[in-house]
Amino acid sequence: MSRKFTITTAIDYVNAKPHLGHAYEKITADAIARAHRALGRDVFFLIGNDEHGTKIEKSAAAAGVSPQEWVDRMAEVYQSTYEKLLISWDGFIRTTEERHHSGVREILARVRANGWIRRDKYTGWYCEGCEAFYTEKDLVDGKCPNHDTEPRWVEEENWFFRLSDFRDRLLAHIRENPGFIRPESRRNEVVAFLEGGLEDLSISRAGVKWGIPFPEDPNAVVYVWFDALTNYISGVGFGTDPAEFARRWPASVHVVGKDITRFHCVIWPAMLMAADIELPECVFGHGFIYQSGTKMSKSLGNIVNPLDVVDVTGADALRYFLIRELTYGKDGDFSWDAFIARYNAELANDLGNLVKRTTDMTARFLGGEISAGADTGKDRTGLRADAERVTATVIRAWEDFDLSGALESTWSLVRRANQVIQEKAPWELAKDDLRRAELTGVLDELLEAIRIVAELAAPAIPGKTDEIRARLGLAGGASAPWTESTVWRHRPGWRVAPGDPVFPRIDRKKEPEKSEPATEAVSKRAQKKAKRAAPAATGPAASIGIEQFRDVELRVATVLEAVPVEGADRLLQLTLDLGDEKRQVVSGIARHYAPEDLPGRQVIVVANLAPATIRGVESRGMILAAESGGRLALLAPGHEVAPGTRVS
RNA sequence: GGCGGUGUAGCUCAGUUGGUUAGAGCAGCGGAAUCAUAAUCCGCGUGUAGGGGGUUCGAGUCCCUGCACCGCUACCA
């Protein structure tokens, strides 16, 4: 049995339809999966849906259906979308499936048996939109920072996972396995996070219905961690099919978004350690694809359905763009301009035209056939050496998650082939019967180079490379592993089937307006550039109107009392006399002013600043100070004035 | 505030362990060719390598230090 390669993506939360971000993750993971199949590995590519939680219940209720109906319906939507995108998944796990529940029960039982689960009381602010708890300081004006809604105070008996006990083991694992977290920048962040210490994790929720019942606790369901993350093992037989699990686990790579990389590098490995299960070899945090100025977000409803893109030029074109345009692991932009530019230049002009002109010439000059007995094999073009060099480079790139580089290198062979056509000028050779052997040989080598390009590009554009193979007269789609298929060998013969362009050019002028998404919004990068180009427009140097200044209510106040904030070495809690009222303000001046020196001093306070809670203490206002050379100076009136006096 | 990262041609980016005239693609300009999707091929870049300082025979590549932006994080208000 060949070496196994198990690759997963994050499972998708199905409270909304799939968008470009989903497509990006699946497409890149699919390309990696296909590349590893071509490398001869025993690949298992797992994707799936996350189908529990209150947000699902709400989406279902809003649609007037039961949660189960809702997730069934969404599963079809996601699967048909991914079929359209040519995603070649081997396994699709849904968290409502019995096999998943079984896996969750099994891992919980193991973790519990090992003594890593305890019962305790949980309190916190719960936002239903986020399905997450917040501490006081996370809230903005008492509201959820993501949803602008008021969370509710929750106190419940809960099950806890002793996550904090795994800190050192996790750090050691990351240190000993440099490839565990990729790209490297993500690893640094996770290490920093771990060094900051961990808290135990609440893993159950009371009062939630739509979820996996928590074993031995009829009132609670399993909270997201032990539910969703467990898909990676339940999807390959954990808890149901030990033989399959032994064959597929550990995963070679979890492909996830950079926003959830940390969970996959901390909580998930700790869960596995606690259950005595092997850890995945690698967690790869990919970047985001931006468009119209905001991160694709299911919650904000700012979505662009990838199908819109697919309908313009087909799935392969979108796949090519996403894989080629973004450096894997970094963020990038989707824009129709960039998409069309790459499509026309690299797919239509470079590759598509190469296929067309070569097959057309073979048809025109040689009747479409190069027979087995033709005078080939002389290596007249040098393409053989080019192909061998490029193949080695491309394979290395696929193995190293350098998806863009793999395509870039592949295209160097495309360019080389176009150069060869120019150099050898087959149309000239065709005029001279005495040079027919040379003509045949050149076209034979060009066709062979195209065949190899199709092999190397297949992970990215599997549909179109099948078409190209058909043009070359080759049967079937997927072919042998690269170790065989990329070997330069002269075919016994060619029988080409020229046809319409494989990648018809996109006429920019005729590019329909309808396909231009939300133009009023500016991309994040464009905003950045605009900011750079015209700093006066947004920077502090810009002049403001007097009205704007008047919006800021500055008042003189007298400090009545100052005490340190418990547990904070920079904060003082001040009680201020504002004339008609007393105000409590928290200020980060403890390093510069002793509490006992402050009472009686006058300060300037921003009186209408929105209240905030800092370190558990409410602050209603801000006092002004200037910092210079590391020293802080409180602002005060030149001589004593009545407290509450407005500053203008 | 702390930690990490980025800053290279109009645009997107490569640049291995410091070493010859700093590269590629796109866009632009000029030309060739005509098999091909007005496609292709050839030629054309004096780029303050964000700024300053340093180490070295020699630095985009190492060190120090401001700056700008990004990410994570924090007891910013």
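The figures that follow rest on heavy atoms only: side chains count, while hydrogens, waters and symmetry mates do not. Throughout, protein chains are lettered first and strands after them, A, B, ... in sequence-line order, and every chain is numbered starting at 1.
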When you check the phosphate oxygens OP1 and OP2 of rC42(B), does a side-chain N or O of Gln419(A) lie under 4.0 Å from one of them? yes
Students often get this wrong, so: under 4.0 angstrom with heavy atoms, is Glu428(A) touching a base, only sugar-phosphate, or nothing? sugar-phosphate
Spacing of the C1' atoms in rC64(B) and rC70(B) (rounded, Å): 23 Å
Take Ser404(A) and Arg324(A) through the test side-chain hydrogen bond (donor to acceptor under 3.5 Å, both in side chains) and record every step on the way to the result. CA-CA 4 Å; Ser404(A) 181; Arg324(A) 178 66 184 85; 2.9 Å; yes
Paired nucleotide for rU17(B) [Watson-Crick or G-U wobble; both distances under 3.5 Å]: none
Determine yes or no for a side-chain-to-main-chain donor-acceptor pair under 3.5 angstrom, with Lys464(A) supplying the side chain and Val502(A) the backbone. yes
If you check the Glu346(A) side chain, which of rC35(B), rG71(B), rG25(B) turns out closest? rG25(B)
Same-atom distance (P) from rG25(B) to rC42(B), integer angstrom: 9 Å
rC41(B) OP1/OP2 closer than 4.0 Å to side-chain N/O of Arg415(A): no
Let's test this: given Watson-Crick or G-U wobble pairing with both distances under 3.5 Å, identify the partner of rU61(B). none
Is there a Watson-Crick or G-U wobble partner for rG4(B) with both distances under 3.5 Å, and which nucleotide is it? rC70(B)
Find out whether Leu383(A) and Glu448(A) are in side-chain contact, i.e. whether some heavy atom of one side chain is under 4.5 Å from a heavy atom of the other. no
Under a 3.5 Å limit on both distances, the Watson-Crick or wobble mate of rU37(B) is none
Looking at every strand, decide which applies to Lys424(A) at a 4.0 Å heavy-atom threshold: base, sugar-phosphate, or nothing. nothing
How many Å lie between CD on Glu195(A) and C1' on rC3(B), as a whole number? 10 Å
Closest approach of Ala460(A) to Leu407(A) (non-hydrogen atoms, all atoms of both residues): CB-CD2, 3.7 Å
Among rG4(B), rU73(B), rU40(B), the one nearest any side-chain atom of Arg262(A) is rU73(B)
Can you find a side chain N or O atom of Arg505(A) that sits less than 4.0 Å from OP1 or OP2 on rA39(B)? yes
When the P atoms of rG4(B) and rG66(B) are considered, how many whole Å apart are they? 14 Å
Between Ser164(A) and Glu199(A), is there a side-chain donor-acceptor contact under 3.5 Å, judged purely by atom types and distance? no
Given rC41(B), rG71(B), rA36(B), which nucleotide is nearest the side-chain atoms of Gln422(A)? rC41(B)
When rounded to whole Å, the CZ to P distance for the pair Phe365(A) and rC35(B) reads 6 Å
Using whole Å, what does the distance between atom P of nucleotide rC13(B) and atom CG of Asp331(A) come to? 11 Å
Can you check whether Leu434(A)'s main-chain N or O pairs, donor with acceptor, with Asp432(A)'s side chain at less than 3.5 Å? yes
Considering every strand shown, what is the Watson-Crick or G-U wobble mate of rG47(B) when both distances are under 3.5 Å? none
Heavy atoms under 4.0 Å, any strand shown: does Phe503(A) hit a base, just sugar-phosphate, or nothing? base
Conformer about C1'-N of rG50(B) - syn within 90° of 0, anti elsewhere: anti
With the side chain of Arg364(A) defined as its heavy atoms from C-beta on, choose the nearest nucleotide among rU37(B), rC35(B), rG71(B). rC35(B)
Looking only at the side chain of Ala345(A) (C-beta and beyond, no hydrogens), which of the listed nucleotides rC26(B), rC72(B), rU40(B) gets closest? rC26(B)
Between rG71(B), rC35(B), rU40(B), which one does the side chain of Asn353(A) approach most closely? rU40(B)
Using 30° and 60° as the class boundaries, would you call the ring planes of His286(A) and Tyr328(A) parallel, tilted or perpendicular? parallel
Which one, rA36(B), rG4(B), rA14(B), comes nearest to the side chain of Lys356(A)? rA36(B)
Please state whether the phosphate of rU37(B), meaning OP1 or OP2, lies under 4.0 angstrom from any side-chain nitrogen or oxygen of Asn344(A). no
Categorize Pro504(A) for me: base, sugar-phosphate, or nothing, with a 4.0 angstrom heavy-atom threshold over every strand shown. base
With a non-hydrogen cut-off below 4.0 angstrom, is Ala348(A) in contact with a base, only sugar-phosphate, or nothing? base
